[in-house]
Amino acid sequence: MFVSDCLNVNLRGHLTIGGCDTLELAEQFGTPLYVMDEATITQNCRKYVESIGTYYNSRGRVYYASKAFCCKEICRIMENAGMGLDVVSGGELYTAMSVGFPADRICFHGNNKTPGEINYALDCGVGRFVVDNLTELALLNTLALARNKKPSVLFRIKPGIDAHTHNFIRTGQIDSKFGLALETGEAEEAVRQAVALPGVSLTGMHCHIGSQIFDIAPFELAAEVMVNFMADMRDRHGADLTELNLGGGFGIQYVPGQNPVPYDRYMQAVSETVKKTCEARDMETPFIMLEPGRSIVASAGITLYTVGAVKDIPGVRTYVSVDGGMGDNPRYALYQAEYAAVVAGKAAEKPTETVTIAGKCCESGDLIQEHTAIQPVQAGDILAVFATGAYNYSMASNYNRIPRPATVMIRDRQPRVIIRRESFEDLVRNDV
Ligand SMILES: *Cc1c(COP(=O)(O)O)cnc(C)c1O
C-alpha cells in the first residue's frame, strides 16, 4: 500500500511507522520531524552483507555511504550491523570517529580533499583513500611520507557509462567533476605514477556510476570495464590490484509504480560478470566493496509536517503550505525529486485532491512536490512525506534561519530522539 514496509495504518486510520502512530509522534516531538525505522535500516544492511556472503564467498565489504544520512547514532547502527563507512569530508569522518567507529573500516572519498582533511584521515588510520585526481595523489603521497604512513589507495574511475538517470546525479560520464577518465589515458597515467610513489599503496579501483538506478545492465557493464582495466594495469604497469569498489546508486521506491531491482538479483548478475571477466583475464576475483547510501536509509524515513495555509487558486492549483520545506528537504527544489505524501490522520482514505506542497521559505521554488494526490487536507493536519530517510537531514540548511528538525529513531515501537531539534540559540551559536 505504501512505498515502505515499515509504514501502515492503525485502527484509528492513522499512518504508523515502525508501529508508532504518526499523530502521536507529531504531538510528542513536534513538527517538522524526521522519523526513522531502525529495523528497516538494519534489514537493508543485512541484505547487502548476506549477498556478499552468498555471491563473493564473504570476500567483500559493504560501506554505508554516510552522506545519505550522517549522525552519531547511524554510525553506531552501522558498526553493529557489520558495515563499513564511506565518508567524503572531515566532518563525516569526525562524526564516525566520535563514536569510535573502527577507522580501518572507513573509506575516504571526495573530489577535493583538503590537506587538513587528508592529514586528519591519516592520523585516524582510515582504511582506504579513494583518490580522485592526480593533484590529490601527489598531495597524499607527500603528506603520508611526512607522517611515515603508507595508506591503501583506490582510484576513482569514470567508466563512461550512462546509467539513465537524472543529469544532476549522473557521475559515470566523462563530463563529470569526479574521477579519472579511462578514454583519455588519465586513469592509466595515474596508475603509472602511483606504482612508483613510496607514500601510497595502490590496492584497487573504484567506480560509482550514478544514483537511483533501476537497471542491472549499467552495473554489469561497469564491472566488466573495471575488471578489464585492472587486468590491463597489471599487464602494462605491474600494478597488483586486489580490490574493486563498485560504488552505490541502487534505486529505491519514492512513489508507487517505481520498481527497484531486488538486491539479490543485482548481486548475482554483477558477481557473475566479475567472475567471468576475471576468469577471461586470468585474474583472481578481487575483494568486492559496495557503497549503498540511499537504499539503506531512504525508505526507513518519513517527514511529518503540520499544515498551515491551504491556498486554492481557482483554475490554477492548490498550495498546501507546511511548517518546513526546502530547508529540511531541498531535493525537489534542486532536481525535481519525486515524493509521495499522505494526510497522516486519513491514511486509509483515498487521495482525492491534487495539490502542490509548499514550504515556508522565501523562494517560489520552495516546494516538496507539485501536482500530487493526497486526501482532503486543512490547516492543522499532519502531513507525512515518504522516503525522506536519505539526502534530507544530510542536505538540510538553515535558510531563512529556520532551525533544523529533530530526528526520531524507532526500535521495537519505542521512539527515541537521535538528533535534537535545533533551537534559536543554536542558530546564533557561531555569530559574533
Ligand atoms: C553518493 C555516493 C554513493 C552512494 O550513492 P547512493 O545513490 O546513495 O547509493 C556511493 N559512493 C559514492 C562515491 C558516492 O558519491
Side-chain angles (χ1 to χ4, degrees), residues 40-41 44-45 47-49 51 60-70 74 78 83-89 92-93 96 105-113 121 126-133 136 153-159 161 163-173 176-180 204-216 218-219 222-223 226 243-254 258 260-263 266-267 270 288-301 331 334-335 337-338 387-395:
T40 302
I41 297 172
N44 288 337
C45 293
K47 279 187 216 161
Y48 279 111
V49 171
S51 55
R61 172 163 285 148
V62 190
Y63 292 76
Y64 165 62
S66 68
K67 69 176 183 199
F69 173 62
C70 186
I74 201 77
M78 290 304 147
M83 302 279 284
L85 216 56
D86 149 3
V87 303
V88 294
S89 71
E92 287 179 355
L93 176 56
R105 275 202 256 153
I106 295 178
C107 197
F108 189 19
H109 272 281
N111 67 301
N112 194 18
K113 304 175 185 76
V126 159
R128 299 284 178 281
F129 284 75
V130 179
V131 167
D132 179 271
N133 54 70
E136 181 189 342
V153 162
L154 281 73
F155 280 150
R156 176 152 189 176
I157 303 294
K158 287 185 241 206
I161 286 150
H164 305 294
T165 181
H166 197 289
N167 261 326
F168 287 97
I169 43 180
R170 177 189 298 164
T171 54
Q173 299 291 88
S176 163
K177 71 167 184 168
F178 296 108
L180 299 152
M205 292 292 153
H206 165 276
C207 68
H208 171 73
I209 58 170
S211 265
Q212 187 60 356
I213 300 170
F214 287 115
D215 304 327
I216 298 182
F219 288 113
M226 294 298 288
E243 300 182 333
L244 174 56
N245 185 329
L246 293 167
F250 317 103
I252 69 118
Q253 189 181 38
Y254 279 104
Q258 290 178 321
V261 175
Y263 307 127
Y266 156 81
M267 291 294 281
V270 175
I288 296 294
M289 302 154 84
L290 296 176
E291 301 169 332
R294 184 192 316 275
S295 55
I296 299 278
V297 287
S299 62
R331 294 190 67 252
L334 272 176
Y335 38 65
E338 293 181 280
T388 59
Y391 305 111
N392 270 236
Y393 173 76
S394 64
M395 294 178 98

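Whatever order the structure lists ligands and atoms in, that order sets their numbers, starting from 1. Values reported hereafter were calculated over all heavy atoms of this structure, with side chains retained and with hydrogens, waters and symmetry mates removed.
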Exactly one of E291, H208, R128 should register a side-chain hydrogen bond (donor to acceptor under 3.5 Å, both in side chains) with N245. Which one does? E291

In plain terms, say whether E92 and K67 are close enough for a salt bridge, that is, a side-chain N and a carboxylate O under 4.0 Å apart. no

Residues two or more places apart in sequence or in another chain: which of them pass side chain to side chain contact (heavy atoms under 4.5 Å, CB included) with S51? Y55, D264, M267

Flag for Y48-S295: side-chain donor and acceptor within less than 3.5 Å: yes

Taken in chain and number order and not counting sequence neighbours, the residues that satisfy side chain to side chain contact (heavy atoms under 4.5 Å, CB included) with A390 are A68, R294, V297, A298

Return the protein residues near ligand 1 (heavy atom under 4.0 Å from any of its atoms), ordered by chain and residue number. A65, K67, D86, H109, R156, H206, H208, S211, G248, G249, E291, P292, G293, R294, Y391

What residues, two or more places apart in sequence or in another chain, satisfy side chain to side chain contact (heavy atoms under 4.5 Å, CB included) together with E338? V255, Q258, Q369

